Amino acid sequence: MSHTVTNPPRVRIAPSPTGDPHIGTAYIALFNYVFAKKHGGKFIIRIEDTDRTRYRAESEAMILDAIKWFGIQWDEGPDIGGPFGPYKQSERLPLYQKAADTLIQKGAAYRCFCTVERLDKLREVQNANKLPPGYDRHCRTVSQEDSDRRAAAGEKFTVRFKMPTSGVTSFDDQIRGKVEFENARLDDLVLLKADGFPTYHLASVVDDNAMKITHVIRGEEWVSSTPKHVLLYEAFGWQPPSFTHLNLLRNTDKSKISKRKNPTSILYYRRKGILPAALRNFLALMGWSLGGDQEIFSTQTMIEQFTWERFSLGGPVFDLTKLLWMNSQYLKDLSDDTWVSLLKEQVFNDHYLKQIIPLIKERVQSFEEFIPNTDFFFSGDLKYENTPILPKGLSGKVVSNWFSEVLEGFENLDEWTVANIKEVMEKFVADKKIKAKDLFMPMRVAVSGTLVSPPLMETIQVLGKEMVRRRMRLAMAYLAAQKEVAQPANK
RNA sequence: GUCCCCAUCGUCUAGAGGCCUAGGACAUUACCCUUUCACGGUAAGGACACGAGUUCGAAUCUCGUUGGGGACGCCA
């Protein structure tokens, strides 16, 4: 396959503000950026905030901030604008509604009045009969008059795409070559939800067209949606962009990288003291290489040398150990002055210190005692071997399961505040009817590595969600490997 | 279950028919350097998933098997 790029490409990343900035977003962003810069094109950020149920207000700023830290600058985006704004889908709603109407008028889409309950039931039956799940096109045959009347009467509906029932749709992936799908297997996907918001499928197609995106470079999880997108472009009468799907970052067990098994927040790596340049270099190596034996290279070098031919398709396992090694290579090349300023900026910054000091002020007699009493605020992974972490009579498995549930509660918090953290933990203790001490003590050890520390909730809050998640998961692994029942402390 | 993608050391990868007794890096293990630790250096072990083809010749091409992954939501 030859993929000559004639005009300056326009590429984008489309993160959705539903949580922590994800390492996968950085990975995809890097390749989009490098590809754009290689060919003198534009790299754009568009916020896909069409899911109101998963929307997190603080997430958007965190994502932009994280990408900025990562070290790649966008040419157009929600904060800096650009010729095709706004760059936030919630501010472009009329566009999608108009697009959906156009499709209905063309006979390429239809209103679906099926309830969520009916759909659930349908899936259930399909599942029970081991049939592939999918919409049964129940509303596809509703007449235009009926449809209009029901809609006018205020009945709730979604808009679905009228998928062709025969033929083949294909696209030419820049690294996978030609990929074909039989249309008959494609579902009548929802374009517009009952709340008037578009789904990803509609919104991304409409926006990519409106923003003149030439190359869509995204994760492998989108491969099976791509024929639907191609068909959407055709229905609109638009020229589809080129599609390229990068392999997904993986956990050690090869499954798609997840926060249960790996730190996935970009914030975690920043917090850990990874240099952006090292992270970019490391991520570049997840699928791409210079070709020879050279592994340490700058993003600039990558841009100069970039071709898709040098991209390999195996799903790369994200290996923290190698990242750390790479980081050390970058770290030792930094000047002492740079070290000082980075340390002040990233580790001993005013913001962080001011959070810690109130917790420690009354517990020390001199500055000498500051570091020994607060070391866990500045360190990474902790060791639990030398501290009794299990309460008497409880098994590691039980406590580990508790941690898992508490963590789940933490994940669902809108804001990382002491009050919220406290609520999760106290509610858990009450629901499980366990002694507060039996949960709090092991958690204290998990997050601080010691039995003596400042107040737990405050400590958890200051440490931050990523660090707490990481340490609790490490503690869980340690606990799960413990003997069934803890030995009494005094034998 | 159905569709799609993928397959070289434990991990990231080089390899685009003969340069391959498969190269590098991380990790591991030795040894050297060193008052310690680390860095650095040297060395070792460690892979072409399997089976058929095509070819004088296959890690490289084709097909099949197996294995892994992804998708099948009014989530992205």
Side-chain angles (χ1 to χ4, degrees), chain A residues 14-19 22 24-25 47-55 89 112-120 122-123 126-135 156-160 170-171 173 175-187 189-204 218-228 245-257 281-296 309-329 331-332:
Chain A
S16 59
T18 55
H22 200 276
T25 304
I47 298 292
E48 311 236 322
D49 55 345
T50 55
D51 184 352
R52 292 173 312 144
T53 57
R54 296 201 309 154
Y55 180 75
Q89 292 185 327
C112 172
F113 298 94
C114 292
T115 60
V116 177
E117 291 72 34
R118 178 175 186 277
L119 264 18
D120 286 347
L122 180 65
R123 242 186 305 273
Q126 286 165 335
N127 215 332
N129 294 320
K130 293 196 189 290
L131 290 165
Y135 182 54
K156 284 275 182 196
F157 63 86
T158 62
V159 175
R160 283 183 186 272
S170 69
F171 62 94
D173 192 291
I175 54 185
R176 283 159 216 274
K178 191 177 184 187
V179 184
E180 287 186 320
F181 290 83
E182 280 182 50
N183 294 340
R185 299 196 186 281
L186 304 178
D187 207 13
L189 74 166
V190 172
L191 301 175
L192 215 56
K193 309 175 205 176
D195 65 4
F197 276 66
T199 58
Y200 169 87
H201 306 289
L202 210 222
S204 73
R218 71 225 302 194
E220 192 187 357
E221 74 257 48
W222 294 108
V223 171
S224 44
S225 300
T226 302
K228 301 173 187 177
H245 298 88
L246 307 188
N247 37 219
L248 267 11
L249 262 21
R250 310 289 185 89
N251 297 312
T252 311
D253 65 5
K254 296 277 185 185
S255 58
K256 155 167 137 177
I257 197 166
N281 192 162
F282 176 74
L283 252 19
L285 249 21
M286 301 271 92
W288 196 80
S289 70
L290 234 31
D293 291 341
Q294 188 186 347
E295 290 198 305
I296 307 281
E309 264 77 62
R310 300 230 47 80
F311 197 91
S312 62
L313 258 356
V317 172
F318 191 90
D319 181 7
L320 206 49
T321 310
K322 186 155 182 178
L323 204 210
L324 251 12
W325 166 79
M326 184 158 284
N327 200 50
S328 75
Q329 300 300 304
L331 237 30
K332 65 180 181 185

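Predicted model only: the values in this text are computed from it and were never measured. These values consider heavy atoms only, across backbone and side chains, with no hydrogens, waters or symmetry-generated copies. Every chain is numbered from 1, with letters handed out A, B, ... down the list of sequences.
In this structure, the salt bridge (charged side-chain N to carboxylate O under 4.0 Å, His left out) partners of A:R118, at least two apart in sequence or on a different chain, are A:D136. Applying the ring pair (Phe, Tyr, Trp, His ring centres under 6.0 Å) rule to A:F318 yields the partners A:Y269, A:F282; only residues at least two apart in sequence or on another chain are considered. The salt bridge (charged side-chain N to carboxylate O under 4.0 Å, His left out) search around A:K322 returns A:E295, not counting sequence neighbours. Shown here are the ring pair (Phe, Tyr, Trp, His ring centres under 6.0 Å) partners of A:F157, two or more places apart in sequence or in another chain: A:F113. Under the salt bridge (charged side-chain N to carboxylate O under 4.0 Å, His left out) criterion, A:D293 pairs with no residue, sequence neighbours left out. Residues forming a salt bridge (charged side-chain N to carboxylate O under 4.0 Å, His left out) with A:R310 (at least two apart in sequence, or on another chain): none. Contacts of A:S255 classified as side-chain contact (heavy atoms from CB on, under 4.5 Å), with partners at least two apart in sequence or in another chain: A:N251, A:D253, A:K261.
With a 3.5 Å ceiling on both atom-pair distances, the Watson-Crick or G-U wobble partner of B:A7 is B:U66.
Note on A:G287: only backbone sugar-phosphate atoms sit closer than 4.0 angstrom, heavy atoms only; bases stay farther off. Contacts of A:S328 with the nucleic acid, taken as non-hydrogen atoms under 4.0 Å apart, are absent.
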Under 3.5 Å between N/O atoms: give me all the protein pairs with nucleotides 58-60 of chain B, atom names plus distance.
none

Can you check nucleotides 74-76 of chain B for protein contacts, nitrogen or oxygen pairs under 3.5 Å, and list what you find?
unit_1	atom_1	unit_2	atom_2	d
B:C74	O2	A:A194	N	2.8
B:C74	N4	A:C114	O	2.9
B:C75	OP2	A:K193	NZ	2.6
B:C75	O2'	A:D51	OD2	2.8
B:C75	O2'	A:R54	NE	3.4
B:C75	O2'	A:R54	NH2	3.2
B:A76	OP1	A:T50	OG1	2.8
B:A76	OP1	A:K193	NZ	2.6
B:A76	OP2	A:Y200	N	3.1
B:A76	O2'	A:S16	OG	3.1

Listed pairs, N/O of protein and of nucleotides 36-47 of chain B, under 3.5 Å:
unit_1	atom_1	unit_2	atom_2	d
B:G40	OP1	A:K332	NZ	3.4

N/O contacts under 3.5 Å, protein versus nucleotides 2-11 of chain B?
unit_1	atom_1	unit_2	atom_2	d
B:C5	O2'	A:R176	NH1	2.3

Review item, nucleotides 19-21 of chain B N/O atoms under 3.5 Å of protein N/O:
none

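Nearest to the side chain of A:P133, among B:C72, B:A14, B:G70, sits B:C72.
No donor-acceptor pair closer than 3.5 Å links the side chain of A:D187 to the backbone N or O of A:L189. Distance alone, capped at 3.5 Å, places no donor-acceptor pair between the A:E117 side chain and the A:L119 backbone. Using modelled atom types, no side-chain atom of A:D49 and backbone atom of A:Y55 make a donor-acceptor pair closer than 3.5 Å.
Evaluation of atom-type donor-acceptor distances gives a pair under 3.5 Å for the side chain of A:E295 against the base of B:G24.
Atom CD1 of A:I296 is separated from atom CG of A:N281 by 5.0 Å, given to the nearest 0.5 angstrom.
Aromatic ring orientation, A:H201 versus A:W222: perpendicular (interplanar angle above 60°, classes split at 30° and 60°).
Two residues are said to be in side-chain contact when any heavy atoms from C-beta on lie closer than 4.5 Å; A:Y200 and A:S16 fail this criterion.
A side-chain donor-acceptor contact under 3.5 Å links A:T226 and A:R218.
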